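Contents: one structure, followed by commentary.
Residue numbering restarts at 1 for every chain, and letters A, B, ... go by the order of the sequence lines. Here the structure is a predicted model, which is why all the values come from computation and not from measurement.
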Protein chains: 2
Amino acid sequence: MHPTVDVSESGLTERQKDVLDAALALLVEAGDTLTMTSVARRASCSKESLYKWFGDRDGLLTATVQWQALKVRGVPVDPEAFNLASLTAGLEGFAADWLRVLSGNISVALNRVAVGHAGSDKHDLGAIVLENGPFAMARRLKPLLQLGRETGLLEFQETDEAFRTFFGLVVRDVQIRLLLGDRLGLNETAIDRDARRATQQFLALYGINTNQARNGHQS
Amino acid sequence: MHPTVDVSESGLTERQKDVLDAALALLVEAGDTLTMTSVARRASCSKESLYKWFGDRDGLLTATVQWQALKVRGVPVDPEAFNLASLTAGLEGFAADWLRVLSGNISVALNRVAVGHAGSDKHDLGAIVLENGPFAMARRLKPLLQLGRETGLLEFQETDEAFRTFFGLVVRDVQIRLLLGDRLGLNETAIDRDARRATQQFLALYGINTNQARNGHQS
DNA sequence: GCCGTACCGTACCGTACGTTACGGCGGGTT
DNA sequence: AACCCGCCGTAACGTACGGTACGGTACGGC
């Protein structure tokens with residue numbers, strides 16, 4: 001067995017990870033039009049190896065998407081001292097993170113190819129992106145929401161409904177517009193501003209004893 | 001000149017419209033994998049005519065998307081007696097319409113192919129869907145919002161911000177999940193319920209003298 | 001030194017599909 | 001009737017690309 005086999009929980013060798021990184025870069029550059037030949041050339045590997053490692057083109061794409069998903073495992077936030085300030089900070093940080101990811105080249109490219117494949121017979125990529133996108137976001141956020149409810153800061157019946165409302169307030173039309181090719185330059189200050197606005201609006205809808213105005217204007 | 005040339009504001013003959021309807025149906029069935037041969041067969045026309053009429057494959061797709069966009073010109077709503085009830089009804093109707101369109105097969109298929117093409121060099125389809133999707137929705141809704149502000153029912157500074165918030169409250173994660181292949185059966189009752197919820201939440205955020213609870217729980 | 005393994009580079013094959021060309025036909029015009 | 005025009009159906013062409021095969025190389029094990 002090779003000494004370089006660092007399979008740490010992904011079943012991939014370093015060489016294969018490099019190949020997937022190359023595929024990821026090509027996916028961002030060329031979208032779904034990337035060819036097996038182009039991946040092999042970019043990664044300086046042979047097509048034979050690509051087929052041996054990943055089976056076929058779809059296997060390569062699937063492995064690439066999963067590899068990227070593995071790299072963005074989120075950072076959980078659950079402090080012990082929990083109050084309105086930490087809840088607000090948690091929501092804002094979450095919203096900002098999500099907007100940053102959404103507006104990144106990699107996310108846009110991956111969602112594009114996954115959406116395309118969801119239309120075909122092969123729903124694999126769509127399911128994977130769904131699992132590591134919206135669903136993963138829900139799994140990460142729901143504990144925070146429930147903690148807010150348990151501590152009397154939030155009031156809602158269905159956690160899922162509350163999450164989806166927060167999702168809507170954060171994402172709005174940003175993702176679909178980016179996917180459709182709209183430029184929509186989202187710089188860091190705009191992201192922070194949007195994160196704060198979405199959080200304030202969410203608290204206005206689901207918060208209990210927030211002493212702010214009823215409508216969601218920030219500052 | 002032919003007697004059957006009914007070019008009414010689209011520059012298309014009836015025969016060509018039939019062809020585009022066939023292409024639309026194939027787009028829904030097969031997604032972006034539709035071939036020129038399949039369109040010709042479905043529409044019982046020759047490939048030579050397809051190329052003569054639409055130039056090339058992208059021209060056919062573009063014409064198909066525009067043809068569908070032309071068919072869904074919305075119905076504006078601006079009654080003379082304007083009060084909170086009519087504003088609420090207008091927003092609810094709008095939200096329900098939009099959710100119905102979004103969750104339809106045609107919309108999902110068209111957005112899929114447009115998203116795919118936005119990743120390629122050809123941004124045409126993405127721009128068209130953008131123009132006839134989110135942007136058209138904004139153009140249709142903004143007069144209603146501004147009327148609400150003028151009559152003192154709503155309060156906001158930027159119409160665009162208010163619209164985008166309403167968009168987020170209505171659409172939430174529905175569109176991206178559908179595009180990624182999530183089933184998410186949205187029947188008529190669920191659409192009506194979501195439309196009411198989104199409207200109540202929007203009024204809770206931007207309404208002025210609504211005497212309901214601060215949070216957006218419906219009923 | 002010899003072998004097996006893993007891999008690179010490249011040439012090759014088969015096919016699908018966009019695009020073009022051609023023969024035939026019906027219907028309107030002169 | 002003779003002709004033209006638009007269209008259908010189909011055959012043919014060119015190419016791009018997924019997938020495979022093969023020769024060559026480096027390297028670790030015996």
[X] [atom1] - [N] [atom2] separation (whole Å):
| X | N | atom1 | atom2 | value |
| --- | --- | --- | --- | --- |
| A/Lys52 | C/dC8 | NZ | C1' | 12 Å |
| B/Arg15 | C/dG27 | CZ | P | 15 Å |
| B/Gln16 | D/dC8 | CD | P | 10 Å |
| A/Glu14 | C/dC7 | CD | C1' | 17 Å |
| B/Leu50 | D/dG9 | CG | C1' | 12 Å |

For [N], does either OP1 or OP2 sit under 4.0 Å from a side-chain N or O belonging to [X]?
| X | N | value |
| --- | --- | --- |
| A/Trp53 | C/dC7 | yes |
| A/Arg41 | D/dC17 | no |
| A/Ser49 | C/dC8 | yes |

Can you name the atoms? Protein N/O to nucleotides 17-21 of chain C N/O, anything below 3.5 Å, with the distance.
from, atom 1, to, atom 2, distance (Å)
C/dG18, OP1, B/Arg57, NE, 2.9
C/dG18, OP2, B/Met36, N, 3.0
C/dT19, OP2, B/Tyr51, OH, 3.4
C/dT19, OP2, B/Arg57, N, 3.0
C/dT19, O4, B/Lys47, NZ, 2.3

With sequence neighbours excluded, what pairs up with [X] under the side-chain hydrogen bond (donor to acceptor under 3.5 Å, both in side chains) test?
| X | result |
| --- | --- |
| B/Thr189 | B/Asn187 |
| A/Ser107 | A/Asn111 |
| B/Asp173 | A/Arg164, B/Arg177 |
| B/Arg42 | B/Glu29 |

Residue A/Glu158 excluded, over 12 heavy atoms near CD under 6.0 Å:
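Open: at most 12 neighbouring heavy atoms sit under 6.0 Å from CD of A/Glu158.
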Just to verify, what does B/Phe202 make a ring-ring contact (aromatic ring centres under 6.0 Å, His included) with, not counting sequence neighbours?
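With neighbours one apart ignored, the set is B/Phe166, B/Tyr206.
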